[in-house]
Enquirer: 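Can you read through this structure? Questions will come right after.
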Amino acid sequence: MQIPQPPSSPSAISISSPTAAKDSTKATLSIIFATSLFSLLFILSLSPSSTSSLRATNHVRPDPYLFPNRQTTFHKIPSDPSPPSVAYLISGSKGDSRRILRLLYATYHPKNQYLLHLDRFAPQAERDRLAVRVQSVPIFRAALNVNVIGKADFAYPKGSSTISETLHGAAILLRLSKNWDWFINLSSGDYPLVTQDDLLHIFSYLPRDFNFVNHSSYIGWRQAKQLKPIIVDPGLYLSERTEMFYASQKRDLPNAFRVFSGSTFSILSRNFIEHCILGTENLPRILLMYFSNTPSSLTNYFPTILCNSRQFNRTVINHNLQYAAFDKPSKQVPRMLNSSEFDAMIQSGAAFASRFQIKDRVLDRIDKEILGRIRGEVVPGGWCLGEPGNGTCSVWGDADVLRPGPGARRLEKRIVKLLSKGEFRSRQCIFE
């Protein structure tokens, strides 16, 4: 970001002569006043508004071909809603920069916002290379919607540093754009099963306050084992990697609120994210303090806030639209997916799947058969105007133009089932 330089200092004018000082007192006062005024204007020029993008100082705007100016229409057709926007936080660790870049290509759409985060286990050189690679892609430069976190966070698998990382990323995305509607936190092991045109098309018909979150109030002995131990997450206060610290004492389960468990992946509305970060309700901060000393806190944090809040407990859909497979009986961490489960993944109607190994062949099959993506390029959509198969997205048009495919029908079928009367209310924040 280039900061405008202040005007040349009036102190360059010679006022050191005693004779001049006696004869031009008024002029000197004028110079001091002008200097103060310029200084004030300079300081004010460095204070961006709370909702403006950091790029506003340079007056940089996205390509008008992607986002043409539209006149306000007072006769909007209800059957043709405007596409929503999704804010993606894509996270990884040491050696994950290529996986993050591939996931960015697979989920890319000019209307969305993307924030890439390589945690502090990755060297700074890898983070710099990722930022340079992002800047070299023409469509990313044109849409101005891909950013890389420069000052990274630790994100331990256990502990509360994962909550800190997620809330940090969400807060940055709130600052970068005021136009997105849903927040999705992806890890480098995730991958989409539908195109963004499919996803945005179906989500354009949904209320913007819906939250897709796996949740259950059943704690059981395994979850109690995750809540009663007291731990200290070193990722919150140490600058180097170290082991997790466990206390010998244990605490009782809470009775001031009901704990709900879930998964690390969820699709959260902007209203809910603002409630957690900017809201005046104190519950998100109380739970942040409580879960700061518990293992696997991210799986419990968002479901517990949602289901204990009167404002949001009716906006929850008990499914995160992600396909995952678990080895019985633990069901704690999803196992790696492979080509043998390709048909099951697609037929599930899920929007995403987790977890995949690095360079697994099933990812190439998803690219070819589901996303229509060519290696090293983004998934083509309605905004792409180039020749098919030969720089399809090298020429672009209106980002509001969507071209949904078979994935939209699969996703629609899944969501319609989730919203049916037998599914929606009967599985929503039930105290078991």
Side-chain angles (χ1 to χ4, degrees), residues 153-171 183 185 209 211-237 243-269 271-320 326 329-333 425-432:
D153 300 305
F154 272 122
Y156 283 77
K158 294 183 178 180
S160 56
S161 56
T162 51
I163 296 181
S164 174
E165 177 219 2
T166 303
L167 293 178
H168 181 207
F183 170 77
N185 182 15
D209 61 347
N211 296 277
F212 295 85
V213 180
N214 287 349
H215 61 276
S216 173
S217 65
Y218 176 72
I219 301 301
W221 68 270
R222 290 186 182 87
Q223 286 297 326
K225 193 175 181 180
Q226 296 291 324
L227 294 172
K228 288 185 177 181
I230 301 174
I231 67 170
V232 179
D233 190 337
L236 299 176
Y237 65 95
E243 296 295 327
M244 197 77 65
F245 173 76
Y246 283 79
S248 58
Q249 296 87 356
K250 293 189 176 181
R251 57 186 175 183
D252 295 333
L253 294 177
N255 58 20
F257 48 85
R258 189 67 176 265
V259 175
F260 283 76
S261 62
S263 61
T264 57
F265 177 85
S266 54
I267 301 176
L268 304 172
S269 67
N271 288 340
F272 177 66
I273 291 296
E274 290 178 339
H275 174 76
C276 293
I277 297 175
L278 305 173
T280 58
E281 171 64 41
N282 203 32
L283 179 62
R285 280 164 285 280
I286 291 175
L287 294 178
L288 188 61
M289 299 292 287
Y290 172 75
F291 287 121
S292 64
N293 294 318
T294 60
S296 304
S297 54
L298 184 60
T299 60
N300 302 311
Y301 181 66
F302 290 123
T304 302
I305 298 176
L306 283 165
C307 288
N308 284 272
S309 171
R310 292 184 179 180
Q311 181 181 352
F312 294 100
N313 60 9
R314 293 299 180 184
T315 67
V316 190
I317 298 177
N318 198 353
H319 198 286
N320 60 1
F326 296 87
S330 66
K331 291 189 176 182
Q332 292 295 317
V333 179
R425 297 301 182 191
S426 64
R427 301 183 65 226
Q428 190 178 54
C429 294
I430 302 298
F431 293 98
E432 300 175 295

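These numbers come from the heavy atoms of this one structure, side chains and all, not from hydrogens, waters or symmetry mates. Bear in mind the structure is a predicted one, so any value in this text is a computation, not a measurement.
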Enquirer: Nearest heavy-atom pair of A170 and I277: which atoms, and what distance?
Expert: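 Minimum heavy-atom separation between A170 and I277: CB-CD1, 3.8 Å.
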
Enquirer: Evaluate V213 against F260 for side chain to side chain contact (heavy atoms under 4.5 Å, CB included), listing each step before the verdict.
Expert: CA-CA 11 Å; V213 180; F260 283 76; over 6 Å; no

Enquirer: Could you tell me whether the side chain of F312 reaches within less than 4.5 Å of the side chain of I305, counting heavy atoms only?
Expert: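 No, their side chains stay 4.5 Å or more apart.
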
Enquirer: Looking at CG of L236 and CD1 of I163, how far apart are the two atoms once the value is rounded to the nearest 0.5 Å?
Expert: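 Between L236 CG and I163 CD1, I get 9.5 Å after rounding to 0.5 Å.
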
Enquirer: Can you tell me if S161 and D233 form a side-chain donor-acceptor pair at under 3.5 Å?
Expert: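 Short answer, yes.
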
Enquirer: In the structure I gave you, are the side-chain heavy atoms of L167 and L288 within less than 4.5 Å of one another anywhere?
Expert: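 L167 reaches L288 side chain to side chain.
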
Enquirer: Could you tell me whether the side chain of I219 reaches within less than 4.5 Å of the side chain of L227, counting heavy atoms only?
Expert: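 Heavy-atom side-chain distance check passes, below 4.5 Å.
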
Enquirer: What closest approach, in Å, do N308 and T304 show between heavy atoms, and which atom pair accounts for it?
Expert: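 Taking every non-hydrogen atom into account, ND2-O, 2.7 Å.
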
Enquirer: Sequence neighbours excluded, which residues qualify as disulfide (SG to SG under 2.5 Å) partners of C307?
Expert: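 Partners of C307 under the disulfide (SG to SG under 2.5 Å) test: C429.
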
Enquirer: When rounded to the nearest 0.5 angstrom, what distance separates CG in L306 from SG in C276?
Expert: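 L306 CG to C276 SG: 7.0 Å, rounded to 0.5 Å.
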
Enquirer: Can you tell if the side chain of T299 reaches within under 4.5 Å of the side chain of T264, non-hydrogen atoms only?
Expert: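 Yes, their side chains come closer than 4.5 Å.
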
Enquirer: In Å, rounded to the nearest 0.5 Å, how long is the span from NZ of K225 to OG1 of T294?
Expert: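 Going from the NZ atom of K225 to the OG1 atom of T294 covers 15.0 Å.
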
Enquirer: Between D153 and S164, do the side chains contain an N or O donor and an N or O acceptor separated by less than 3.5 Å?
Expert: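 No, no side-chain donor-acceptor pair sits under 3.5 Å.
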
Enquirer: First locate atom CE of M289, then atom CG of N282, and finally report the distance between them rounded to the nearest 0.5 Å.
Expert: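 Taking CE in M289 and CG in N282, the distance rounds to 10.0 Å.
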
Enquirer: Applying side chain to side chain contact (heavy atoms under 4.5 Å, CB included) to N214 and H319, what does each step give before you reach the verdict?
Expert: CA-CA 5 Å; N214 287 349; H319 198 286; 4.3 Å; yes

Enquirer: Do T315 and N271 come within less than 4.5 Å of each other through their side chains, counting heavy atoms only?
Expert: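 No, every pair of side-chain atoms sits at 4.5 Å or beyond.
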
Enquirer: Any non-hydrogen side-chain atom of Y218 less than 4.5 Å from a side-chain atom of S261?
Expert: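 No, every pair of side-chain atoms sits at 4.5 Å or beyond.
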
Enquirer: To the nearest 0.5 Å, how far apart are CD1 in I267 and CG in N211?
Expert: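 The CD1 atom of I267 sits 10.0 Å away from the CG atom of N211.
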
Enquirer: Less than 4.5 Å apart, side chain to side chain, heavy atoms only: is that true for Y301 and S160?
Expert: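 Counting from C-beta outward, Y301 and S160 never come under 4.5 Å.
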
Enquirer: With rounding to the nearest 0.5 angstrom, report the CG to CD distance, N313 to Q428.
Expert: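 One finds 7.0 Å between CG of N313 and CD of Q428.
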
Enquirer: If you look only at distance, which donor and acceptor atoms sit under 3.5 Å apart when one is on a side chain in residues 247-255 and the other is two or more places apart or in another chain?
Expert:
residue: R251; atom: NH2; partner: Y290; partner atom: O; Å: 3.0

Enquirer: Is the closest side-chain heavy-atom distance between F183 and T166 below 4.5 Å?
Expert: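 SC-SC contact between F183 and T166 confirmed.
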
Enquirer: Work out which heavy atom in P229 is nearest to a heavy atom in P295; give both atom names and the distance.
Expert: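 Of all heavy-atom pairs spanning P229 and P295, the closest is O-CD, 4.0 Å.
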
